[in-house]
Amino acid sequence: MSQKIVWIDNLRALACVMVVIIHATSFQVVNFSAIDTPAWWFANALDSLSRASVPIFFMISGALFWGEKSAKPRHFLRIGLCLLFYSAVSLLYILIMTKIGFWPSFADILQKPVFFHLWFFYAIGLIYLLSPFIQVKKVPLPMLLITAVVAGVLANPQLPAFNLGGFHLLPLNLYITGDAFYYLLYALLGRALATLEMDKRWQGWVAGGMFLASCALIALGTQAQSTHNQNFAETYYVYCGPLVFIAALSLFVWGKQMLATVSSSVMAMISRHSLAIYGFHALVIIGLRGKHLDFPQFPLLNMLYLFACGLGGGLLLGLLLQRVDGRRWVS
C-alpha cells in the first residue's frame, strides 16, 4: 500500500503539472496563422504530451475509491466546497478583470462552470457518487486489454469512420455516447490497473513507449487536421478520443512501474497542493494574458513564463490558503 500511495502521489503531481502546461501553451497552439513554425510545433508537442493529464485524475479516483474503500460524506463535502469556493474566486475575477458581468456567469452555474477549467469538479462528482456501488474485481490482463481496445478504441465514437466497399467497419456500434461513459471507464480501468500484478521493469518501458507514440500521433494528427480545415482543429486533443485514451492508460502503467520508488520533495509538495494549483492556475495565466503582462512576441519564452507563473502562482496561493484552511477542505 505504501508503494501504491507513492506512485499515485507522484502521478497526481505529474498530471497537475501537465494541466498547467495545457493552459500555458493553448494560446499558441490555437493560433493557426503560426502553424508549422517552431513555436507552434513546440506548443503542439507539449499539449499533445499533456492531454492524458485529466484522464489520469479520473483513473486515480477510480484506483482509490472503486475498490474496498469508497467515497465518504467528507469527500462529497470537499468537492462541493471546492466547487463553491473556486467558483466564487472565479466570479470575483470576472467582476474585477473582465466586462462579462456577474449574472451571465452565475445564471447557469448548475449547468456549466463559472470558469472553463472548473468543469472537472462537476465530472468527478459522478465518480464519487457511484463509488459505494462499485468494487472492481481483479481482472486478468488479456480481459483488461480486450475491454480497453474494444470500448476505448474500436467502439469509440471519436474514432474516424472506416468503410470498406460501402460496408461500415469502424467505429463499432456499442451505443456508447457522451463523455461521461469514458470518465467512468477511466475510473474503472484505473482501479483494474492499480490492482494488476505487474513486477517487470520492462512493462514500464513498454508503456512509456506506447505513451510517447500515441502523443506523437496526437501531435501529427492535430497538424494534419488543422491544415485540412484551414483552422485549428482539436479533433485529436479531446480527452475521450482513442489516442488520448491509449496515452492515459500507458502513462498510468508507466507511473505505476516507474514512480513507486521516486522520492521528491517537489513532487510531494505539488501533489499535496494539486487541488489549489488546479483551482488557481488558470486564473493566473488568463489574468496575465488579459492584462498584457506576458510576451506574445516571444512565444517560446512566453509559454515557459506562463507555465512558471501558473504553477508557481497556484502553489503559492495554495500555501497561503492553507493558513486559513487548516482542515484542507479547499486547499
Side-chain angles (χ1 to χ4, degrees), residues 11-59 115-120 123 156 158 160 179 182 186 208-252 254-255 270 274 277-278 281-286 288-289 294-296 298-312 314:
L11 199 54
R12 183 187 293 112
L14 180 60
C16 181
V17 170
M18 293 163 75
V19 167
V20 181
I21 289 174
I22 289 176
H23 294 141
T25 59
S26 61
F27 77 95
Q28 182 64 34
V29 80
V30 300
N31 182 15
F32 179 75
S33 63
I35 196 169
D36 286 338
T37 63
W40 186 89
W41 270 111
F42 182 70
N44 182 31
L46 288 178
D47 211 312
S48 299
L49 285 166
S50 301
R51 280 290 145 181
S53 55
V54 174
I56 287 294
F57 283 125
F58 287 112
M59 297 181 75
F115 215 76
F116 64 91
H117 70 301
L118 299 181
W119 72 269
F120 177 76
N156 194 315
Q158 302 288 345
D179 291 347
Y182 283 96
Y186 280 132
M210 290 180 62
F211 170 73
L212 293 176
S214 56
C215 291
L217 291 175
I218 292 170
L220 293 171
T222 299
Q223 189 273 346
Q225 191 65 49
S226 297
T227 301
H228 176 77
N229 293 359
Q230 285 299 292
N231 197 7
F232 171 70
E234 62 176 7
T235 307
Y236 294 90
Y237 276 0
V238 292
Y239 294 129
C240 302
L243 288 174
V244 175
F245 180 85
I246 295 170
L249 267 61
S250 301
L251 183 61
F252 193 83
W254 176 85
I270 292 174
S274 58
I277 293 171
Y278 186 92
H281 81 279
L283 298 172
V284 174
I285 292 173
I286 300 299
L288 289 172
R289 296 197 61 231
D294 60 337
F295 316 100
F298 305 109
L300 292 174
L301 175 63
N302 203 30
M303 284 183 278
L304 295 174
Y305 164 73
L306 291 174
F307 167 75
C309 290
L311 183 63

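Counting from 1, the numbers follow the sequence of the chain as shown.
The minimum heavy-atom distance linking Ile286 with Phe116 is given by the pair CG1-CE2, 4.1 Å. Closest approach of Ser53 to Ile22, counting heavy atoms only: OG-CD1, 3.6 Å. Residues Val29 and Asn44 come closest through the heavy atom pair CG2-CA, 3.7 Å. Ser50 and Ile21 make their closest contact through OG-CG2, 3.4 Å (heavy atoms, listed as atom of the first residue, atom of the second, distance). Across Ile285 and Ala24, no two heavy atoms sit closer than the pair CD1-N, 4.0 Å. The minimum heavy-atom distance between Pro242 and Gln158, with the atom names listed, is CD-CB, 3.8 Å.
The number of heavy atoms from other shown groups lying within 6.0 Å of CZ (Phe298) does not exceed 12.
Judged by distance alone, with hydrogens and angles left aside, the side-chain atoms of Ser226 form a donor-acceptor pair with the main-chain N or O of Ala233 at under 3.5 Å. A donor-acceptor contact shorter than 3.5 Å links the side chain of Ser214 to the backbone of Phe211. With hydrogens and angles disregarded, a donor-acceptor distance shorter than 3.5 Å links the side chain of Asn156 to the backbone of Cys240.
Using a 4.5 Å cut-off on side-chain heavy atoms (C-beta onward), Met18 and Leu49 make no contact. At a threshold of 4.5 Å between non-hydrogen side-chain atoms, the residues Gln28 and Phe42 do not count as touching. Using a 4.5 Å heavy-atom cutoff, the side chains of Leu306 and Val20 are not in contact. Counting heavy atoms from C-beta outward, Val54 and Trp119 have side chains that approach closer than 4.5 Å. Residues Tyr305 and Cys309 form a side-chain contact, since some pair of their non-hydrogen atoms from C-beta on lies under 4.5 Å apart. The shortest side-chain heavy-atom distance between Phe27 and Asn31 does not fall under the 4.5 Å cut-off. Side-chain contact between Tyr236 and Arg51 is absent, with no heavy atoms from C-beta onward closer than 4.5 Å. Two residues are said to be in side-chain contact when any heavy atoms from C-beta on lie closer than 4.5 Å; Val244 and Tyr237 fail this criterion.
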Steps toward side chain to side chain contact (heavy atoms under 4.5 Å, CB included) verdict (Leu304, Phe307): CA-CA 5 Å; Leu304 295 174; Phe307 167 75; 5.7 Å; no
Chi angles and distances behind the side chain to side chain contact (heavy atoms under 4.5 Å, CB included) call for Phe232, Thr222: CA-CA 8 Å; Phe232 171 70; Thr222 299; 3.9 Å; yes
Verdict with reasoning, Ile56 to Leu14, per side chain to side chain contact (heavy atoms under 4.5 Å, CB included): CA-CA 9 Å; Ile56 287 294; Leu14 180 60; over 6 Å; no
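Using cut-offs of 30° and 60° on the angle between ring planes, the pair His23 and His117 is perpendicular.
Trp41 contributes atom CH2, which lies 4.5 Å from atom CD of Gln223 (distance to the nearest 0.5 angstrom). Rounded to the nearest 0.5 angstrom, Leu243 CG and Ile218 CD1 are separated by 5.5 Å. Note: Glu234 CD to Tyr239 OH = 9.5 Å, rounded to the nearest 0.5 Å. Atoms CD1 and SG, on Ile277 and Cys16 in that order, are 4.0 Å from each other to the nearest 0.5 Å. Rounding to the nearest 0.5 Å gives a distance of 13.5 Å between CD1 of Ile246 and CG of Leu251.
Aromatic pair Phe57/Tyr186: centroids not less than 6.0 angstrom apart.
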